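Here the structure is a predicted model, which is why all the values come from computation and not from measurement.
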2 protein chains.
Amino acid sequence: MAPRPRGGRLPRRARRAQLLESALEVFVANGYHATGMDDIADRAGVSKPVLYQHFPGKQELYLALLETSCDAIIASCRRALESTEDNKQRVAATMSAFYEYVGSESGAFRLVFESDLTNEPAVRAQIDRVTIDCAEMITDVIRDDTGLPTTAANLLAVSLVGMAQVSARFWTDDPGGLGRDEASALVAGLAWRGIAGYPKHD
Amino acid sequence: MAPRPRGGRLPRRARRAQLLESALEVFVANGYHATGMDDIADRAGVSKPVLYQHFPGKQELYLALLETSCDAIIASCRRALESTEDNKQRVAATMSAFYEYVGSESGAFRLVFESDLTNEPAVRAQIDRVTIDCAEMITDVIRDDTGLPTTAANLLAVSLVGMAQVSARFWTDDPGGLGRDEASALVAGLAWRGIAGYPKHD
DNA sequence: GGCCCATGGAGGTCAAGATCGGAATCCAGC
DNA sequence: GCTGGATTCCGATCTTGACCTCCATGGGCC
């Protein structure tokens, strides 16, 4: 957490990237409200005006990071679902995607699952997008495979996503001796047993 | 949301209750950071000093409400688990408890599941308590019934709680034509199919 | 050597939490 | 019925903290 040395000038693109990285670290550590623009500037080793030459305000900066993080998990979820045609493996792969996301070094998932700016509509929209988009992809699979009505399939899909989200976050806070793949496989087993029993469509 | 008339005096006890009620409404509607003490006072039809004669500060007021709401869902979960010895019905009853909680008129569940003060340790502790305590009760049931090691049973329990939390919140935002009992039963079915397949202990 | 512009420290502004002296209201007892 | 005291209540104010810009500066380029 030590601020970077206060030296050299950087080309605009590189400075922006560095600012984003620094901001992510501070936001993840302290949340939105508890972090000041001063903190981010200090962390990056620049002064505040520099920050404001790259981003119009604190909220826009936060939103840029949040959007990136949302895109990451949604894309990862999509890749997992498309990685195979076998539904049992699909469940395992998707669960693994969530565990990888939550276990990743940056902690960027905290912006999504533990945000403290949920009342801001723009933020809320991004966060909801994760659950809704992931669930929608899963809904299609469930509906095609079981023949359940869309509404029901959607609620089941949301349930699975919730299972993944909450259990992965809990595991990250307190692994309790379980490795990541072990935990992921355990919960994937629960999910698969739950979903596999529904009437097959053919 | 119209402020109450600004008239009469109330005995201390009654005023306190009214302030708690007003504060809950505003906090639920706007979240912690977006609500001012002015808003709460206006909503209750009193001036700010009165508020401070009953509560030492904004955070204490919030915590009082949060704690009450956490106690409610934990107690409700416990009652559901103790309501029967049949595990299938247990799952259904517990799921129903979550759906009732989230569907309740006051919206108090938002303080727990959608708080925007998660960085405050005291708040974090209360919120975590819900998942941890509920999961712990369920862990005992799972462990006794399946013989799984405690750590694994605990992660499964957390998964089930996550399923309930997230799906219930999603259903509240967009019921999509499903009644409460219908939705609850659907997700309970998913949970039960998932958990029932594990090796029976005898 | 001279120009240029990114940078930095210091400050303006404003919202919101927290507080003070005085006024209004209720109640008990004569 | 009336008075004295205590409790409740309010308008106005203070202060803090954080977001967001103004003037001096110093290294890079021709």
**Asked** How close or far is atom P of dC14(C) from atom NZ of Lys58(A), stated in whole angstroms?
**Response** 19 Å
**Any side-chain donor near an acceptor of the partner, Arg90(B) and Thr84(B), under 3.5 Å** = no
**Asked** With no hydrogens and no angle check, do the side chains of Tyr101(B) and Ser69(B) hold a donor and an acceptor under 3.5 Å apart?
**Response** yes
**Prompt:** Counting side-chain heavy atoms from C-beta on, which of dA18(C), dC9(D), dT7(C) comes nearest to Arg15(B)?
**Reply:** dC9(D)
**Asked** What is the distance, rounded to the nearest whole Å, between atom CD of Gln53(B) and atom C1' of dC9(D)?
**Response** 7 Å
**Prompt:** Starting at CG of Asp38(B) and ending at C1' of dC10(D), how long is that distance when rounded to a whole Å?
**Reply:** 13 Å
**Message:** Distance check needed: dG8(C) C1' versus Asp42(A) CG, whole Å only.
**Reply:** 12 Å
**Prompt:** When the distance from NE2 of His54(B) to P of dA18(C) is rounded to whole Å, what number comes out?
**Reply:** 16 Å
**Prompt:** Quick one: Met37(B) CE to dA15(C) C1', roughly how many Å, whole number?
**Reply:** 15 Å
**Message:** Can you measure Leu19(B) atom CG to dC9(D) atom C1' for me and round it to whole angstrom units?
**Reply:** 12 Å
**Asked** Could you state the CG-P distance from Leu51(B) to dA16(C), rounded to the nearest angstrom?
**Response** 15 Å
**Request:** Check whether any side-chain N or O of Tyr52(B) sits under 4.0 Å from OP1 or OP2 of dT19(C), and answer yes or no.
**Result:** no
**Prompt:** Without hydrogens or angle criteria, can the side chains of Thr118(A) and Arg124(A) be said to hold a donor-acceptor pair below 3.5 Å?
**Reply:** no
**Message:** Please compare Pro49(A) and Thr35(A) by the position of their nearest nucleotide in DNA chain D and report the one closer to 5'.
**Reply:** Thr35(A)
**Message:** I want to check a possible cation-pi pair here: Arg169(B) against Phe98(B), using under 6.0 Å from ring centre and within 45° of the ring axis as the test.
**Reply:** no
